[in-house]
A.B. asks: 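Quick one: structure below, then a few questions.
A, B, ... follow the sequence lines: proteins, then strands. Residue 1 opens every chain.
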Amino acid sequence: MSRSKGRYFNNHRGRAHGARWNAGEESEEAGPSRTYGEQGGRGRGHGRGGRRGGPPEGLRGRDIGMWYAARGRAKKAAAEIRNRPVVGMEPEHEKHIRTLLDDVQKQRSEEEQQESNEVKPRRNPRDEQYHSFYQHPLTQDPELDKRLRLELEAKQADNRQYKDMQEFRKKLPSYNMRHELLRLINENQVVVISGETGCGKTTQVPQFILDHHVERGQGSTCRVVCTQPRRISAISVAERVACERAEPCGNGNSTGYQIRLEARLPRQQGCIMYCTNGILLKWLETDQLLQSVSHVVLDEVHERDIISDFLLVILKDVLPKRPKLKVILMSATLNAELFSEYFGSCPMTNIPGFTFPVLEYWLEDVLQMTKYKPPEQREKREPIWMKFRRGKRYREDELKKEQEFKEKFNGYIKEISTTYPEEVVYYLQNMDHEKMDIDMVSTIIRHICLNKAEGAILVFLPGWEQISKLNDLLTQQQMFRNANFRIIPLHSMMPTVNQRQVFERPPPGVRKIIIATNIAETSITIDDVVYVVNLGRVKERNFDVANNLSTLKPEWVSVAAARQRRGRAGRVQPGECYHLYNQLKASMLTDYQLPEMLRTPLDELCLQIKSLKLGRVHDFIQKALQQPDPRAVDLALESLVQMNALDDREKLTPLGYHLARLPVSPTIGRMILFGAMFCCLDPILTVAASLSFKDPFVIPLGKEKMADAQRKLIAEDTYSDHLMLVNAVAGWEDARDHGRGAESDYCWRNFMSVTTLKMLDNMKTQFCEHLASIGFVEGKSSKQRSANRNSGNRQLIKAILCSGLYPNVAQVRQNSFNRREGKYRPAKIVTPQDGRVKIHPKSVNCDQSHFPSNWILYHLKMKSSDVFLHDTTAVEPYPLLFFGGKIGVTSEDGVEAITVDDHIKFSAPARIAHLVKDLRSELDKLLKQKINQPGMTCWGQDTKEGRIMQAIIDLITTQEDHSQSDW
DNA sequence: GAGCACTGC
């Protein structure tokens with residue numbers, strides 16, 4: 001890390017004397033420090049007339065308690081005012097800003113006489129260019145038809161590879177149904193095709209459609225788009241299909257793919273294009289009726305991700321306007337009917353799957369075969385305070401399910417008593433069925449290893465904690481500590497140190513044991529798995545509408561997920577699956593996981609709806625397959641209005657227009673636009689890419705502490721996860737420039753993933769291209785000089801972060817030295833909505849007892865075992881004043897203050913407060929205008945924008961971070 | 001004192 005230090009950031013320490021953080025310290029400005037003195041006296045004078053410091057004479061019983069409570073409140077309020085940061089200003093700044101505002105106002109009155117009309121955002125000139133490939137509606141080309149047909153006939157006649165592949169294809173279950181499938185598709189506008197993995201629907205159906213057109217001499221009128229929920233599947237399926245057609249993938253051949261930042265395009269007509277769901281959604285921005293497509297195949301619709309559900313609604317609307325468009329939905333068998341009903345009971349057909357049989361066992365069988373004795377359930381009493389905790393509604397649902405389980409339990413026990421031995425029934429009766437028993441997992445693994453034939457074992461656990469625990473349990477046992485076992489933990493955050501080990505078939509006599517999250521359910525496929533152990537849980541993100549809070553908790557898997565897991569055992573030979581829950585639980589699992597649209601905040605979705613001009617948001621969402629809570633829509637709309645993406649009539653603002661086109665969430669989009677305007681592009685793009693994709697850090701199992709420490713080192717004294725990230729990525733760039741060796745060395749030392757870093761780097765370029773097309777920057781490199789003149793200014797970067805992350809601000813209650821413990825305690829963190837929250841232990845700020853400021857920004861707040869802020873940046877007053885919410889100037893008990901959205905308060909003399917407020921209002925006007933008429937920022941002192949923006953930067957910059965100097 | 005998984009011209 002050492003080389004990268006200070007690459008961007010000038011250290012401003014020691015220059016500050018404008019703002020003071022701790023009011024206890026004498027300030028050069030007279031006002032604030034005097035008010036502190038007055039405040040200090042106020043609390044003490046309260047109990048006048050009584051015993052010294054005690055309640056007044058004559059108070060009895062309860063009243064004494066009330067008196068103390070009142071005094072406590074008053075003391076607290078006084079302390080709050082005392083601890084308010086003070087916003088000050090150097091005299092020369094004040095003078096400068098006054099002149100500036102005068103000038104600007106004079107200029108404005110002149111301008112207003114000249115022009116006063118609304119400025120429309122200019123249409124993105126590159127929209128057309130991007131989509132040129134798909135722009136034109138398909139038109140028949142007889143020449144091409146003929147050529148395509150001859151080509152296909154020639155291949156069928158004597159292309160060796162093609163004919164070999166044909167033999168293989170003929171064995172797929174879907175191949176036998178070719179004619180029926182084509183008939184259904186021809187006769188109907190919408191068809192649902194269901195089938196389990198291995199039936200070949202994804203690879204075959206698009207080919208049937210294309211070949212059918214080509215054979216009839218209609219090849220040029222066919223363009224099949226087949227969407228996938230995941231990038232990897234889009235690529236691998238496209239490559240597979242190209243191979244079956246004896247062609248290279250993309251490059252103007254019949255088959256290609258497009259995913260974010262990567263494309264291998266097929267020819268324009270007579271082609272099959274595999275892409276991610278997101279790509280199809282992006283096309284709709286410029287081709288609303290999908291004029292350029294003849295067939296849309298939506299694959300894996302049963303997974304119900306938010307984009308796929310969204311596409312369904314849009315397609316349903318498009319169908320009547322495009323009578324020739326064919327839509328084919330491909331789903332798992334379990335809920336194919338749901339989709340058929342949604343499209344007016346359109347025809348369905350099922351393709352039988354082809355996988356090897358998998359023998360299933362449940363908890364009852366596992367207890368019997370292993371003789372494992374699960375710990376008996378201790379009597380559980382819920383503490384009374386639990387009732388009053390947040391999320392009561394949620395708990396009620398849980399209790400209902402528990403209740404149902406209890407009711408059915410006796411009947412179930414009676415039933416199994418006839419088939420299972422007495423001990424097993426006893427244990428089932430007395431164990432805690434909600435507990436995640438890792439000892440049992442270890443026992444069944446041992447059992448398989450000792451008694452079963454060769455074959456890899458795949459274990460599904462909900463998360464890091466359980467993976468870590470099981471890994472420890474196994475490696476502690478003598479039996480597993482030799483070369484005959486390969487234990488491989490698999491988690492998206494763990495480095496795949498030896499990726500080949502995961503997929504490689506081990507030598508005979510060696511057993512592979514993979515301990516995974518649901519990453520192995522769909523994303524990673526390991527062919528030689530014969531045994532699956534399913535603990536039956538999955539961590540699930542949810543959205544608690546009542547509390548406007550995202551949650552992440554372990555939940556029971558769905559029937560569909562359990563099936564998917566089971567299927568992982570039968571890919572190459574018959575397999576076995578051990579579910580570690582009882583058959584009653586198995587019968588009570590929900591068929592499917594709740595669709596993502598009902599589990600997630602809807603800000604981005606609502607913005608997309610407006611951007612695609614799909615009407616009123618509520619009306620549109622009402623048309624979804626399953627409607628989210630209307631309150632979730634309201635929350636999203638409120639947040640979009642607050643960030644000025646929508647106006648109060650739900651109309652897209654110019655800012656909203658730009659935000660909808662950036663491939664990131666609206667908050668991150670704001671950050672990107674402001675970063676470009678203020679010319680600290682590269683660091684802001686680093687943060688934006690990382691927040692919207694994932695951070696580039698990996699954590700090896702067992703080295704969590706080391707990784708934490710390393711990140712803290714990289715953070716230096718920034719008190720910011722976001723700036724730490726900027727440092728880390730800048731360090732990587734340095735290392736990369738010194739060659740492959742230096743790069744991998746750097747990543748190894750700092751626990752970073754080269755793959756993720758490269759992805760982030762490409763994303764940054766993509767953002768830049770977009771900004772360039774709007775006109776905010778010149779070139780497509782995030783490093784361009786003109787857009788980075790302020791990239792070394794930490795304080796400004798924090799301010800730009802604030803422009804995006806606001807109103808995600810928490811208050812820090814600094815903690816004083818605790819004499820008894822002899823140390824500083826961690827600071828208390830509070831948000832207005834949630835009360836006390838915690839900084840996530842992964843954050844570089846988590847153990848801090850002191851911050852340079854009373855306020856921290858965060859991107860993600862999520863409730864798991866507690867409410868955690870996952871990534872944080874301590875932020876000083878000026879960023880909040882210029883890039884936060886509405887500014888107010890107030891006076892409480894004679895203490896003058898400047899406020900942001902009424903609840904973030906800073907002490908400031910009214911003179912300064914009004915000056916700041918006026919300057920802020922000029923900035924808002926300026927930014928609005930820049931959004932309306934995008935262009936490079938002119939920094940010269942002869943331009944209005946240059947003067948205003950520079951004045952603000954100067955104020956932000958001189959406000960020192962007091963991390964070292966002030967306490 | 002802790003990190004399910006995806007996705008975007």
A.B. asks: Identify whether any heavy atom of A:Leu552 sits under 4.0 Å from a base atom; if not, whether one sits that close to sugar-phosphate; answer base, sugar-phosphate or nothing.
C.D. replies: base
A.B. asks: Taking for each residue the nucleotide of DNA chain B with the nearest heavy atom, is it A:Gln608 or A:Lys539 whose nucleotide lies nearer the 5' end?
C.D. replies: A:Lys539
A.B. asks: Indicate yes or no: does A:Arg599 engage A:Glu596 in a salt bridge with an N to O separation below 4.0 Å.
C.D. replies: no
A.B. asks: So, for A:Pro663 and A:Arg260, which heavy atoms are closest and what is the spacing to 0.1 Å?
C.D. replies: O-NH2, 3.5 Å
A.B. asks: Could you state the CD1-P distance from A:Ile467 to B:dA2, rounded to the nearest angstrom?
C.D. replies: 16 Å
A.B. asks: Just how far, in rounded Å, is C1' of B:dA5 from OH of A:Tyr592?
C.D. replies: 17 Å
A.B. asks: So, OP1 or OP2 of B:dG3: does either fall under 4.0 Å of a side-chain N or O from A:Ser864?
C.D. replies: yes
A.B. asks: Please state how far atom CG in A:Leu607 lies from atom C1' in B:dG8, giving the value in whole angstrom units.
C.D. replies: 13 Å
A.B. asks: Examine B:dC4: is either OP1 or OP2 under 4.0 Å from a nitrogen or oxygen in the side chain of A:Ser492? Give yes or no.
C.D. replies: no
A.B. asks: Using whole Å, report how far CZ of A:Arg231 lies from C1' of B:dG8.
C.D. replies: 9 Å
A.B. asks: With a cut-off of less than 4.0 Å, is there a side-chain N or O of A:Thr276 near OP1 or OP2 of B:dT7?
C.D. replies: no
A.B. asks: Under 4.0 Å between any heavy atoms, over every strand shown, what does A:Glu262 touch: base, sugar-phosphate, or nothing? Just pick one.
C.D. replies: nothing
A.B. asks: With respect to the phosphate group of B:dA5, does any side-chain polar atom (N or O) of A:Ser523 fall under 4.0 Å of OP1 or OP2?
C.D. replies: no
A.B. asks: Students often get this wrong, so: under 4.0 angstrom with heavy atoms, is A:Glu521 touching a base, only sugar-phosphate, or nothing?
C.D. replies: nothing
A.B. asks: Base, sugar-phosphate, or nothing for A:Ser692, non-hydrogen atoms under 4.0 angstrom?
C.D. replies: base
A.B. asks: Whole angstrom is fine here: how far is it from CD in A:Gln564 over to C1' in B:dC4?
C.D. replies: 15 Å
A.B. asks: State which of B:dC6, B:dG8, B:dC4 makes the closest approach to the side chain of A:Thr517.
C.D. replies: B:dC4
A.B. asks: Take the protein atom CD of A:Glu704 and the nucleotide atom P of B:dG1, then report the distance between them rounded to whole Å.
C.D. replies: 16 Å
A.B. asks: For a quick check of understanding: with a heavy-atom distance under 4.0 Å over all strands, which category does A:Lys694 fall into, base, sugar-phosphate or nothing?
C.D. replies: nothing
A.B. asks: May I ask you to say what A:Arg230 touches in the nucleic acid, namely base, sugar-phosphate or nothing, with a heavy-atom cut-off under 4.0 Å?
C.D. replies: sugar-phosphate
A.B. asks: Within this structure, what is the OG-CD1 distance for the pair A:Ser468 and A:Ile515, rounded to the nearest 0.5 Å?
C.D. replies: 9.5 Å
A.B. asks: Strictly below 4.0 Å, N to O, side chains only: are A:Asp544 and A:Lys863 in salt-bridge contact?
C.D. replies: no
A.B. asks: Considering only side-chain heavy atoms of A:Ile519, which listed nucleotide, B:dC4, B:dA2, B:dA5, is closest?
C.D. replies: B:dA5
A.B. asks: What nucleotide among B:dG8, B:dA2, B:dC4 has an atom nearest to a side-chain atom of A:Ile259?
C.D. replies: B:dG8
A.B. asks: Figure out the CZ/P separation between A:Phe868 and B:dA2, and round it to whole Å.
C.D. replies: 5 Å
A.B. asks: State whether A:Tyr592 and A:Arg304 meet the cation-pi test: NZ (Lys) or CZ (Arg) under 6.0 Å from the six-membered ring centroid, and within 45° of the perpendicular axis.
C.D. replies: no
A.B. asks: For A:Asp708, which contact category applies under a 4.0 Å heavy-atom criterion: base, sugar-phosphate, or nothing?
C.D. replies: base
A.B. asks: Side chain of A:Asp847 only, heavy atoms from C-beta on: which candidate in B:dG3, B:dC4, B:dG1 is closest?
C.D. replies: B:dG1
A.B. asks: Within the 4.0 Å heavy-atom criterion, would you say A:Ile699 contacts the bases, only the backbone, or no part of the nucleic acid?
C.D. replies: base
A.B. asks: Taking CG from A:Leu490 and C1' from B:dG3, how many angstroms apart are they, rounded to a whole number?
C.D. replies: 15 Å
A.B. asks: Pick one: which of A:Lys712, A:Lys838, A:Lys705 meets salt bridge (charged side-chain N to carboxylate O under 4.0 Å, His left out) with A:Asp847?
C.D. replies: A:Lys712
A.B. asks: What nucleic acid atoms does A:His491 come within less than 4.0 Å of, heavy atoms only: base, sugar-phosphate, or nothing?
C.D. replies: sugar-phosphate
A.B. asks: Can the positive tip of A:Arg541 be found less than 6.0 Å from the middle of the six-membered ring of A:Phe543, inside 45° of the ring normal?
C.D. replies: no
A.B. asks: Of all the nucleotides listed (B:dA5, B:dT7, B:dG8), which has the minimum atom distance to the side chain of A:Arg541?
C.D. replies: B:dA5
A.B. asks: Touch check for A:Asn277, heavy atoms < 4.0 angstrom, all strands: base, sugar-phosphate only, or nothing?
C.D. replies: nothing
